[in-house]
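Below, each value reflects all heavy atoms present in this structure, side chains not excepted, and no hydrogens, waters or symmetry copies.
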Amino acid sequence: MAAAAAAAEEEAANSMFTRPKCSTTTSPNLYVANCGPTVGLSLETISSVFSAFGLVTGVHAADDTGARVIVCFSDTTAAQAAYQALNGNPCPQLRGRTLRMRFSLPKLPAKVLLAAVDASPWKSLAKRRVQHYGYEFLYETRNVDARQFLGNLPSFVSFVLDKISSFPEPANNKCRLMDQLTVNEYPSGVGLSPHIDTHSAFDELIFSLSIAGPCIMEFRKYPQGTWYPPGGTVADMEGVNFIRKAIYLPPRSMLLMSGEGRYAWHHYIPHHKVDVVKGQSIKRASRRVSFTFRKVRRGPCRCEFQQCCDSQRGSNVERSCPPLETSQ
């Protein structure tokens, strides 16, 4: 009964890890009870002690008590060695505390993200729902108010930010400290009108993670920099010539936009329920959720794509497209 209660407590408290269904299952991750800051043991100390058995890639709080942690090794062999040596035994290096341990499995990151955003309030737009973190994206102006800081990005995307930090560095771009996140939920058949993210609003790198469902994203390059002339209507795009490139975004894929692709090409998601990929029809899921990470720009944009840059040509460049809120 005690073991079952502890397992339930672990699963309820720590949404990123869970107890294996089979008692003989091992993994690189150990759930360690009677160990943590509230019992006088810092995460750094715990990492140092467990490092004697192999490379420790992280030590995380298992719940809000501060007395249980998840120790993550780079391989299962190291975790097994630590389990055999320390489970149920007093550890002199950890103030003589008797550790209670079990192997733990990470939940699928996509499920963690979906559970986190579904537990948070959504804002409804015309055809989809959104959430904003760090700074709110203002659809009427296609910009952010850099003076209105909403707080740091939520902890549930920390492992996504870790992945972003491992991406190869684009030439001449040394900033990857993302401070703005927009979460979009697209029902089946709902897409995205052609647009370029406002130059003056965000720095060069834009990362977008797709989960729950796939879609096709088109990139379009228009000869005049925009498809929607000031004061015109949607019908004005008829007959406009442009270069088109399409990519398939499966669930769990990460899109990185930088350079010309970020600054000079419109990105667009067709309003379809079925996409055709290499001759095969792929039905869209009932929902697709995207996590778009950006860095709010401080100062004007000085990119080389002046035709598309609102900083260098005035605000009419980006305002020449209809507001995203009403067009989707």
Side-chain angles (χ1 to χ4, degrees), residues 125 130 132-150 152-153 161 164 167-184 192-208 217-234 236-237 240-245 255-269 290-328:
L125 302 184
V130 298
H132 301 288
Y133 298 91
Y135 298 87
E136 182 176 7
F137 184 76
L138 305 174
Y139 293 92
E140 298 83 359
T141 62
R142 296 174 172 268
N143 217 312
V144 297
D145 185 347
R147 299 167 297 180
Q148 298 296 319
F149 181 54
L150 304 178
N152 295 326
L153 299 190
L161 295 173
I164 287 175
F167 271 58
E169 191 75 66
N172 302 321
N173 194 305
K174 300 302 179 184
C175 181
R176 57 170 78 252
L177 301 176
M178 303 293 141
D179 58 8
Q180 196 276 333
L181 165 63
T182 294
V183 183
N184 287 278
L192 186 70
S193 297
H195 71 283
I196 299 173
D197 283 27
T198 309
H199 290 203
S200 63
F202 304 110
D203 283 347
E204 178 183 350
L205 302 187
I206 298 176
F207 293 85
S208 187
M217 178 174 283
E218 285 189 8
F219 284 82
R220 297 178 170 188
K221 188 172 184 180
Y222 294 89
Q224 302 303 319
T226 181
W227 65 273
Y228 196 87
T233 66
V234 176
D236 291 326
M237 71 178 292
V240 175
N241 294 320
F242 57 87
I243 303 171
R244 174 191 289 142
K245 301 289 184 180
L255 169 71
L256 166 59
M257 291 186 285
S258 65
E260 183 179 353
R262 179 268 187 267
Y263 285 132
W265 288 66
H266 291 64
H267 54 282
Y268 161 62
I269 299 176
S290 67
F291 292 71
T292 302
F293 297 85
R294 297 173 283 208
K295 176 73 171 67
V296 172
R297 186 182 295 277
R298 308 293 176 175
C301 176
R302 300 300 185 194
C303 71
E304 60 183 285
F305 306 98
Q306 297 182 16
Q307 188 180 37
C308 305
C309 184
D310 62 308
S311 289
Q312 300 178 66
R313 291 189 58 196
S315 60
N316 285 336
V317 174
E318 292 297 334
R319 305 289 171 77
S320 63
C321 295
L324 291 177
E325 184 174 11
T326 58
S327 63
Q328 299 163 36

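You'll find the side chain of Phe137 reaches within 4.5 Å of the side chain of Arg294, heavy atoms only. The shortest side-chain heavy-atom distance between Lys295 and Gln180 does not fall under the 4.5 Å cut-off. Looking only at side-chain heavy atoms (C-beta outward), Pro194 and Phe242 stay at 4.5 Å or farther from each other.
When the salt bridge (Lys or Arg N to Asp or Glu O under 4.0 Å) test is applied to Arg298, no partner is found at least two apart in sequence or on another chain. With sequence neighbours left out, Leu161 forms a side-chain contact (heavy atoms from CB on, under 4.5 Å) with Leu153, Val157, Ile164, Met178, Phe293. Listed by chain and residue number, Gln131 satisfy the side chain to side chain donor-acceptor pair (under 3.5 Å) test with Tyr133 (two or more places apart in sequence, or in another chain). Taking Arg297 as the reference, Tyr263 meet the side chain to side chain donor-acceptor pair (under 3.5 Å) condition, with sequence neighbours excluded. Considering only residues two or more places apart in sequence or on other chains, Glu218 meets the side chain to side chain donor-acceptor pair (under 3.5 Å) condition with Arg220, Arg244. Arg302 meets the side-chain contact (heavy atoms from CB on, under 4.5 Å) test with Pro300; sequence neighbours excluded. Judged as a side chain to side chain donor-acceptor pair (under 3.5 Å), and not counting sequence neighbours, the contacts of Ser208 are Thr292. By the salt bridge (Lys or Arg N to Asp or Glu O under 4.0 Å) test, Lys221 is found to be paired with Glu260, residues two or more places apart in sequence or in another chain being considered. Considering only residues two or more places apart in sequence or on other chains, Tyr135 meets the ring-ring contact (aromatic ring centres under 6.0 Å, His included) condition with Phe149.
Taking the ring axis of Phe202 as reference, the NZ or CZ atom of Arg262 does not stay both within 45° of it and closer than 6.0 Å to the ring centre.
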Should Ser193 and His266 be marked as a side chain to side chain contact (heavy atoms under 4.5 Å, CB included) after you check the CA-CA gap, both sets of side-chain angles, and the distance that decides it? CA-CA 9 Å; Ser193 297; His266 291 64; over 6 Å; no
Verify side chain to side chain contact (heavy atoms under 4.5 Å, CB included) between Val130 and Asn184, making sure each step is shown before the conclusion. CA-CA 5 Å; Val130 298; Asn184 287 278; 3.2 Å; yes
Ser200/Asp310 under side-chain hydrogen bond (donor to acceptor under 3.5 Å, both in side chains): CA gap, chis, key distance, verdict: CA-CA 7 Å; Ser200 63; Asp310 62 308; 2.5 Å; yes
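Here the OH-CH2 distance, from Tyr222 to Trp265, works out to 11.0 Å after rounding to the nearest 0.5 Å. Note that NE2 of His132 and CG of Leu150 are 9.0 Å apart. Values are rounded to the nearest 0.5 Å. Distance check: Arg313 CZ to Gln307 CD gives 6.0 Å after rounding to the nearest 0.5 Å. For the atom pair OG (Ser258) and CZ (Phe207), the distance works out to 8.0 Å, reported to the nearest 0.5 Å. A distance of 5.0 Å separates CD1 in Ile196 from NE2 in His199, rounded to the nearest 0.5 Å. Interatomic distance, CD1 of Ile206 versus CE of Met257, reported as 4.5 Å (0.5 Å rounding).
Side chain of Asp145 to backbone of Arg147: a donor-acceptor contact under 3.5 angstrom is found.
The nearest pair of heavy atoms linking Phe305 to Ala264 is CD2-CB, 3.8 Å.
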